[in-house]
Q: 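This is the structure, below, for whatever I ask next.
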Amino acid sequence: MIHYNIDTTENEYCNLEGDVETLIELKQILFKNDMVPDLVGYLSFDNAPNVSVCISAQKELGFFISITDDENTYLTLGDKNTLNETVDVWGDGLYISKGLFIPFSIAWKCLDEYMLFNKLSDEIKWITSDEIPEDGNFIC
């Protein structure tokens, strides 16, 4: 089971909260007509109770994923050269480094792989929170 609590800013603020069996079900809830709304939220999985997943989608940038387990926080890495540039993902001071966003199609595969096998996908690069430069930022 996947528990989700996601805020979107598409057509004004909307909070989506609930449970689904698969990520495909969640994708169908979030993406209308294959359009990805700007969003920020959290996921948790019954099969990994000590893991918290934070996600953010930005139409212009892609998808950000942060996975926190008992020991570390792992962040998706799209472009190491833009980790010090941030974007206000919520419009009220919630900043994430631009370099942490990856393409939407890869992000869903990564989430699916983590949910099924409790391992980070090899299809993308991951960094730890310690690798974020001082003028960069992330959420978890």
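Just so it is clear, the model here is predicted, and its values are computed rather than measured. In this chain, numbering begins with 1 at the start of the sequence shown. All values below come from the heavy atoms of this structure, side chains included, with hydrogens, waters and symmetry mates left out.
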Q: Hey, is the main chain of Lys59 close enough, under 3.5 Å, to the side chain of Asp38 for a donor-acceptor pair?
A: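 Looks like yes, one N/O pair under 3.5 Å.
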Q: Within this structure, what is the CZ-CD1 distance for the pair Phe101 and Ile96, rounded to the nearest 0.5 Å?
A: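 These two atoms lie 4.5 Å from each other.
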Q: Any donor and acceptor pair, going by atom type alone, linking the side chain of Thr76 with main-chain N or O of Ile65 inside 3.5 Å?
A: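 Yes: the side chain of Thr76 pairs with the backbone of Ile65.
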Q: Could you tell me whether a side-chain N or O of Ser97 sits under 3.5 Å from a main-chain N or O of Thr86, the two making a donor and an acceptor?
A: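 Side chain of Ser97 to backbone of Thr86: no pair is present.
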Q: Given side chains that start at C-beta, do those of Asp112 and Ile24 come closer than 4.5 Å, heavy atoms only?
A: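 They are not in side-chain contact.
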Q: Does a side-chain heavy-atom distance below 4.5 Å link Thr73 with Ser66?
A: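 In short, these two side chains touch, coming nearer than 4.5 Å.
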Q: If the test is side chain to side chain contact (heavy atoms under 4.5 Å, CB included), which one of Leu75, Val40, Ile102, Val89 qualifies with Phe64?
A: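 Per the side chain to side chain contact (heavy atoms under 4.5 Å, CB included) rule, the option paired with Phe64 is Leu75, out of Leu75, Val40, Ile102, Val89.
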Q: Working to the nearest 0.5 angstrom, can you tell me the gap between Asp135 CG and Glu85 CD?
A: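 The CD atom of Glu85 is 9.5 Å from CG of Asp135, to the nearest 0.5 Å.
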Q: Should Tyr4 and Tyr42 be counted in the same cluster of Ile, Leu, Val, Met, Phe, Trp and Tyr side chains packed under 4.5 Å apart?
A: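 The answer is no; the residues belong to distinct hydrophobic clusters.
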Q: Would you please say whether a donor-acceptor pair under 3.5 Å links the side chains of Asn50 and Asp69?
A: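 There is no such pair between these side chains.
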Q: Verify, without hydrogens or angle tests, whether Thr22 (side chain) and Glu25 (backbone) share a donor-acceptor contact under 3.5 angstrom.
A: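 Side chain of Thr22 to backbone of Glu25, a donor-acceptor pair under 3.5 Å: yes, one is there.
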Q: Evaluate the criterion side-chain contact (heavy atoms from CB on, under 4.5 Å) for residue pair Asp19 and Asp46; output intermediate values, then yes/no.
A: CA-CA 10 Å; Asp19 300 312; Asp46 281 352; over 6 Å; no
Q: Determine whether a donor-acceptor pair (N or O, by modelled atom type, separation under 3.5 Å) exists between the side chain of Glu113 and the backbone of Cys110.
A: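 Not a single qualifying donor-acceptor pair exists.
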Q: Measure the shortest side-chain to side-chain distance between Phe45 and Asn118 over non-hydrogen atoms and say whether it is less than 4.5 angstrom.
A: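 Sidechains of Asn118 and Phe45: no contact.
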Q: Of the non-hydrogen atoms in Ile132 and Gly136, which two are nearest, and what is the gap between them?
A: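 Smallest heavy-atom distance, with atoms named: CG2-C, 3.7 Å.
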Q: State the CD-NZ distance between Glu131 and Lys80, to the nearest 0.5 angstrom.
A: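 Nearest 0.5 Å value for the CD-NZ distance: 6.5 Å.
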Q: Would you compute the distance between atom CD1 of Ile55 and atom CG of Leu39 and round it to the nearest 0.5 angstrom?
A: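 The CD1 atom of Ile55 sits 5.5 Å away from the CG atom of Leu39.
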Q: Test side-chain contact (heavy atoms from CB on, under 4.5 Å) on Leu26 and Leu111; report intermediate values, then the result.
A: CA-CA 11 Å; Leu26 181 59; Leu111 283 173; over 6 Å; no
Q: Are Tyr95 and Ile127 linked, directly or through other ILVMFWY residues, by side chains that come within less than 4.5 angstrom of each other?
A: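 No.
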Q: With a 4.5 Å cut-off on side-chain heavy-atom distances among I, L, V, M, F, W and Y, is there a chain of contacts connecting Ile67 to Phe117?
A: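 Yes, Ile67 and Phe117 fall within the same hydrophobic cluster.
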Q: Find the distance between CG (Leu16) and CD1 (Ile6) and round it off to the nearest 0.5 Å.
A: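 So the gap between those two atoms works out to 6.5 Å.
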Q: Treating Trp126 as the side-chain partner and Ser121 as the backbone partner, does any N or O pair qualify as donor plus acceptor under 3.5 Å?
A: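 Yes: the side chain of Trp126 pairs with the backbone of Ser121.
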Q: How are the rings of Phe63 and Phe104 set to each other: parallel, tilted or perpendicular (split at 30° and 60°)?
A: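 Perpendicular.
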Q: Is the shortest heavy-atom distance from the side chain of Tyr114 to the side chain of Val51 under 4.5 Å?
A: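 They are in side-chain contact.
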Q: Starting from the C-alpha separation in whole Å, work towards a yes-or-no answer on side-chain contact (heavy atoms from CB on, under 4.5 Å) for Leu100 and Leu61.
A: CA-CA 9 Å; Leu100 296 176; Leu61 297 173; over 6 Å; no
Q: What verdict does the side-chain contact (heavy atoms from CB on, under 4.5 Å) test give for Tyr74 and Thr128, after you've listed the backbone C-alpha separation in whole Å, the side-chain angles of each residue and the deciding distance to 0.1 Å?
A: CA-CA 5 Å; Tyr74 301 97; Thr128 63; 4.2 Å; yes
Q: So, taking the atom named CG in Asp7 and the one named CD in Glu17, what distance separates them when rounded to the nearest 0.5 Å?
A: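 These two atoms lie 9.0 Å from each other.
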Q: Report yes or no: does Asp88 contribute a side-chain atom to a donor-acceptor pair with the main-chain N or O of Leu94 at less than 3.5 Å?
A: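 Yes, because the side chain of Asp88 sits within donor-acceptor range (under 3.5 Å) of the backbone of Leu94.
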Q: If every non-hydrogen atom of Glu21 is compared with every non-hydrogen atom of Met115, which pair is closest and at what distance?
A: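 Reported closest heavy-atom pair: O-CE, 4.2 Å.
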